[in-house]
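Everything quoted here is computed from the prediction, not taken from an experiment. Naming: A, B, ... by sequence-line order, numbering from 1 per chain.
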Amino acid sequence: MEILLSALVSGLLLGLVLALVALGLTIIFGVMDIVNFAHGEFLMVGMYTGLLTAQGLGIDPLLTLPVAGAVGFLLGIVCYFGFIKFLLRGPMVAQLLGTFGLMLFLRNLALLIFGSEDRALHHGLLVGKSFDIGMGVIVSATKLAAAGLSVAAFVAVWLFMNRTRIGKALTATALNRSAARYMGIPTERMNALAWGAGGASVTIAGALIVNFWSVNPFIGLLFTMIAFAIVALGGFGSVPGAFFAGLVVGLIMEIPGFWDFFMFTFNADWMAKVPMTSFKYMWVYLAYFVIMVVRPRGLFGWKH
Amino acid sequence: METLKSALDFSDFPRLDLVVAGSLAILFLIFPVFPHSSFAMATMIQFLMFSLYGMGWNTIGGYGGQVDLGKAQYVGIGAYTTTVMLVRWDIPFWFSMPVGVCFAVLWSFVLGYPLFRLKGHYFAIATIATSLVLKDLFEVWDFVGAARGLEISPIKFPPPDFLRLIFKEDVYYYDVILGFFFVGILYMNWFRKSRLGFQLRAIKDNEEVARSLGINVHWAKIKTYAIATAFVSVVGSFHACYIKNIEPEDTMSLDISILIALMAMLGGAGSLWGPIIGAGILIPLKSYLKEWLGATAGLIGIDLILYALIIMVISAFEPRGIWGIVQKVRRRRQ
Amino acid sequence: MALLELERVTKNFGGLMANHEISFAVGKGELLGLIGPNGAGKTTLFNCISGAYPVTSGRIFFDGEDITALKAHEVARRGLARTFQVYVASGDLTVIENVMVGCFMHTRSRSRARAQAGEVLKDLGIHDLSTALLNELPVASQKRVSMATAIATQPRLLLLDEVAAGLNPGEIEEIMGSIRHVHEELGMTVMLIEHVMELVMKISHRVIVLDYGQKIAEGAPEAITRDPAVIKAYLGERYAREHGAV
């Protein structure tokens, strides 16, 4: 029973953080119908930023979040004005390959600068600490904090999109680009803002994740696929969709944990022979594929 | 008969193209006679292989406009079929290669049916996902050596072995892949003028219009996907015999899928010469950059950074690739 | 016997009723006009007939066969071709290549397709455009090419969707000639959606009027122009009342 509960809790906590990872992708997609293949690389930038700032300044990793956010915002804006703007004139194929190029660029730049080895945080207020939340379920403090901050970030973004003038303008642009332009909303600046906000949210997620996940230059693709799966499930462009879909995908990634539970419960030896944990993240890829084929609009599709 | 005639008929190209293509063909044929380094030879073989990969991708990706970023899984299927059959049952290349094609094509039908319900971005991402799933499976499958991969031992199969395609000198491999290369060009020349070729271009233009002209869009895409797959699988089988040591990481990784797509995109997707031009630029660039920069200064990744910049510039400023620029200049001159 | 027969065809988009219980028949060799104000559901009806949209209810028969559930390409292969109002092309294909795609419905041979395509282009008087790219052409020519491509599939019934919209009087005259040619020389049954009244009233044998998704009138062109319901639909209630009173 503890195994089941642990898997459940751990899946949900991870899901909350993953939802934050996907948030930026869904904002960008919602506003301008462009899929950012470099999304996971933005996350990697956030992870390195968190790690290096914490180590360089000797501060707690959780204090690096504003730095990571600022870096992500800048990165998003620079990418938009320096590159994405030009892609928008071309066909869909060009957009696809363009952001793919961006992904390769960031990934290999990181490889050049940081080398290929894994790096992890060893010191910090919460790093390595964990506590029992009852029923024998042990939760690591960093995951709990990350999940909590992720929820806070979601609430903040939701308030921003629905309560502030500029956020409403962003939503309007997402719903109907040309109508928004006729209303006098500067859509060009809205695009840039979407990239800035998207970049900031994902780098913050990165700085959170680096508390319990080691970073290397190749980590991006995994998170890109996770984010795609979440956004596909939640509906491309939907913010609440990303939140709930994040929880679902978090649970999907815990499948090896549930597997263990059933193995012990039913004493099934054949189950032990299946190398569940070595399937790594196959479930996420599979989930994306199945979701897209079965329900292309996702659970909360709102635009099409 | 008409098929063969169509495959051999290049008359709709300007004479300049034919002169350039002809002289290059002759150059490729006599290349082994000239003194060359083994490095240059290896680069040439890579170039021919990736031209073929690119030609295959070009059918569905170029003419059909469906951006497929999961071709590496079929490289893997071809390579693994050949290696497993050789290592376990001593079945030579010329028999295992067609079997590999059958497996790959079968798998492509299984995947293609649901895949082509998706469009655009969604399709592209899904192709990546399928390829990564297969790679993950191969990495834990003991029968094919799991993550360690499989090795074709040159001691067990003493070279030169024409049936099993085991050689010590690269020049034999060069001859074989050059043969495939010429067959590939002829096939593509036929394909672009065939009914399916025309239908695909119509689909790329506008699916709704294509349907109204009696084209079964879904089926046409699946068929073409299978053709692309067959190309890739053949070269995958060759790759296994040439490299002699395959593992999931270097036959089925995403990087391979990207490279395959990139050949045609850079050279000009949807044109006969595009993939060859792309491979002719990218492969030597990759090999020599790696040789000069990567190895000497310890600058790993710099070749891929350059690749990335090329992709970015091309996609932002000339999505039709180099051949697109050539054609634009030509149309302006007229 | 009727070539095309619609039986209470209804199409809903969510709550919006685009077509409501429309029934009519098109006889072999007929030239039928379909008119109606903007948003009356004319193009939706074409989409239903050609299989691009599934109908919500009702049945469609083509040459006696029930084609209601068929997909667009299956309908096309049975000899029902259509043109499109807005033609978005990426510009990969030249004009003759475009028309060849239509020809490929009946042949596998490229040379035969090419010869046939040339013939169709000559028939419509646009042979000189053969090597132009579609997206470089003016709208008038694009519409002719779209028509040529549809004709190249050798249909028995040709649906033309606003082929004359946005053309100047000279061009309208030309396209009218093309339609007549297709109808008389090639023997195709033609059904056309048109806003240009001088065209549709001049060449149609019979006209059907749609308004708010419903068929409000059907008859000979002269009768249609005097029909109070039609005048009301086009010019508004007040106009109809005032002029009816005069």
So what's closer than 4.5 Å to chain A heavy atoms on [X]: side chain, backbone, both or neither?
X: Met312(B); result: both
X: Ile314(B); result: neither
X: Leu69(B); result: side chain
X: Phe317(B); result: side chain
X: Leu306(B); result: neither

Completion exercise
The ring-ring contact (aromatic ring centres under 6.0 Å, His included) partner of Tyr80(B) among Phe143(B), Phe138(B), Trp141(B) is Phe138(B)
Problem - Matching residue for Tyr74(B) among Tyr53(B), Tyr225(B), Phe103(B), Phe231(B) - test: ring-ring contact (aromatic ring centres under 6.0 Å, His included) - result: Tyr225(B)
Fill in the blank from the handout: CD of Glu318(B) to CD1 of Ile325(B), rounded to nearest 0.5 Å, is 5.0 Å
Practice task
Go through the atoms of Leu221(A) and report whether side chain, backbone, both or neither lie under 4.5 Å from a heavy atom of chain B.
Solution key: side chain
Exercise for the section: Measure from NZ or CZ of Arg89(A) to the centre of the six-membered ring of Phe86(A) and say whether it is under 6.0 Å with the direction within 45° of the ring axis. Expected result: no
Exercise for the section: Using the six-membered ring wherever Trp is involved, compare the ring planes of Tyr80(A) and Trp195(A) and label them parallel, tilted or perpendicular (cut-offs 30° and 60°). Expected result: tilted
Exercise for the section: Find the one option among Leu132(B), Ile125(B), Val133(B) whose heavy-atom pairs under 4.5 Å with chain A are most numerous. Expected result: Ile125(B)
Problem - Residue from Leu266(B), Ile258(B), Val67(B) passing side-chain contact (heavy atoms from CB on, under 4.5 Å) with Leu97(A) - result: Val67(B)
